[in-house]
Amino acid sequence: AKGLTSRDDEVRKYVLNALLAIGTETDFWQYTANMVDSPRPEVVASYVTALARMASPRAFNVLRRKLREGPDTVRQQVLSSLNEIGTEEVVPLLVDALTSSRVVVRSLAAEILTNLSKGGTVNVARVILWLLRSKDPNVRRLAADLANEVVADATVLAPIRDEAVSREQS
């Protein structure tokens, strides 16, 4: 457990990975509880990097909190972890990041959402709907930009069209 507070980033990563490999999720939370609120951003960044391998509801709650609290180095690592997870569950957190006051956070979140959508990792139609729900006009503009980028591929937006047609018929 000494390695978890090491000043050496590689040692921390190694210990966290070992804990994830041989321990249970309960073990992880028990042994790493102090890391999440460490005053050292590099410790918190290592912690959120490890959370990418869990993708549990508790991990998402911690990622959401660290995305809000920062600092920017931690926020960027949270976004990197969300990118690594790369499932539909990360979309709400990425959309939240798009409303951040920090330009670097908004830009990285937009880039990740676009890449996940274009790569087919997440459902682009669902991403566009999430973006359109935002009260922030810049986020809604991103939805339009994303839709314009993928409109050439009619199969991508077919779920939105099909849903609109079924609502009109009911």
Side-chain angles (χ1 to χ4, degrees), residues 1 3-20 25 28-124 126-147 149:
L4 292 172
T5 57
S6 172
R7 293 219 176 268
D8 186 336
D9 191 44
E10 291 303 313
V11 170
R12 276 193 315 278
K13 287 179 183 176
Y14 180 80
V15 172
L16 285 166
N17 285 332
L19 182 57
L20 286 167
E25 186 172 337
F28 178 84
W29 295 114
Q30 178 184 349
Y31 290 110
T32 63
N34 295 336
M35 292 181 76
V36 69
D37 293 317
S38 172
R40 295 174 33 213
E42 66 276 10
V43 171
V44 180
S46 296
Y47 182 76
V48 298
T49 300
L51 292 179
R53 293 187 50 204
M54 295 181 93
S56 68
R58 188 171 178 183
F60 279 114
N61 288 335
V62 171
L63 291 170
R64 180 178 289 108
R65 182 168 68 98
K66 292 314 222 177
L67 189 58
R68 280 194 310 263
E69 293 174 356
D72 282 351
T73 55
V74 171
R75 288 182 181 108
Q76 290 172 331
Q77 192 54 56
V78 167
L79 292 170
S80 177
S81 292
L82 294 174
N83 187 40
E84 189 176 328
I85 294 168
T87 63
E88 295 286 334
E89 289 81 13
V90 304
V91 173
L93 285 110
L94 290 169
V95 172
D96 286 347
L98 292 172
T99 62
S100 172
S101 63
R102 313 296 294 174
V103 174
V104 67
V105 173
R106 286 194 314 261
S107 299
L108 186 54
E111 180 184 326
I112 291 169
L113 260 176
T114 302
N115 290 341
L116 292 175
S117 298
K118 285 181 176 179
T121 307
V122 298
N123 182 321
V124 70
R126 191 170 289 142
V127 169
I128 291 169
L129 290 174
W130 266 102
L131 295 172
L132 289 172
R133 290 179 185 152
S134 175
K135 294 179 183 177
D136 185 332
N138 293 320
V139 174
R140 291 194 309 269
R141 188 172 304 118
L142 179 62
D145 293 344
L146 184 57
E149 288 184 34

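None of the values given here were measured: they were computed from a predicted structure.
- A donor-acceptor pair under 3.5 Å is absent between the side-chain atoms of Glu42 and the main chain of Arg7, judged by distance alone.
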Residues Asp136, Leu98; criterion side-chain contact (heavy atoms from CB on, under 4.5 Å); working and verdict: CA-CA 9 Å; Asp136 185 332; Leu98 292 172; over 6 Å; no

Audit row: Phe60, Arg65, side-chain contact (heavy atoms from CB on, under 4.5 Å) steps and yes/no: CA-CA 9 Å; Phe60 279 114; Arg65 182 168 68 98; over 6 Å; no

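- The two residues Ile128 and Ala143 make their nearest non-hydrogen contact at O-CB, 3.9 Å.
- In summary, Asp8 and Lys13 do not engage in a salt bridge, as defined by a charged side-chain N under 4.0 Å from a carboxylate O.
- Thr121 places no side-chain N or O within 3.5 Å of a backbone atom of Ser117 that could act as its donor or acceptor partner.
- A donor-acceptor contact shorter than 3.5 Å links the side chain of Arg140 to the backbone of Lys135.
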Stepwise side-chain contact (heavy atoms from CB on, under 4.5 Å) test for Glu111 and Thr114: CA-CA 5 Å; Glu111 180 184 326; Thr114 302; 5.9 Å; no

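- A donor and an acceptor atom, one from each side chain of Arg58 and Asn61, are nowhere located under 3.5 Å apart.
- Residues Asn17 and Arg53 have side chains that bring a donor and an acceptor to within less than 3.5 angstrom of each other.
- Of the options Val36, Val78, Leu67, a side chain to side chain contact (heavy atoms under 4.5 Å, CB included) to Val48 is made by Val78 and by none of the others.
- The environment of Asn34 atom CG is sparse: at most 12 non-hydrogen atoms of other residues, nucleotides or ligands sit within 6.0 angstrom.
- At distances below 3.5 Å, not a single donor-acceptor pair connects side-chain atoms of Arg75 with backbone N or O atoms of Lys66.
- Arg106 places a side-chain N or O within 3.5 Å of a backbone atom of Ser100 that can act as its donor or acceptor partner.
- Partners of Phe28 under the ring-ring contact (aromatic ring centres under 6.0 Å, His included) rule, at least two apart in sequence or in another chain, are Tyr47.
- Residue pairs meeting the ring-ring contact (aromatic ring centres under 6.0 Å, His included) criterion with at least one partner in residues 82-117, sequence neighbours excluded, do not occur; the list is empty.
- Checking Asn83, Leu108, Val90, Val95 one by one against Leu113, the side chain to side chain contact (heavy atoms under 4.5 Å, CB included) holds for a single residue, Val95.
- A donor-acceptor contact shorter than 3.5 Å is absent between the side chain of Ser107 and the backbone of Val104.
- Between the side chain of Thr32 and the backbone N or O of Met35 there is no donor-acceptor pair closer than 3.5 Å.
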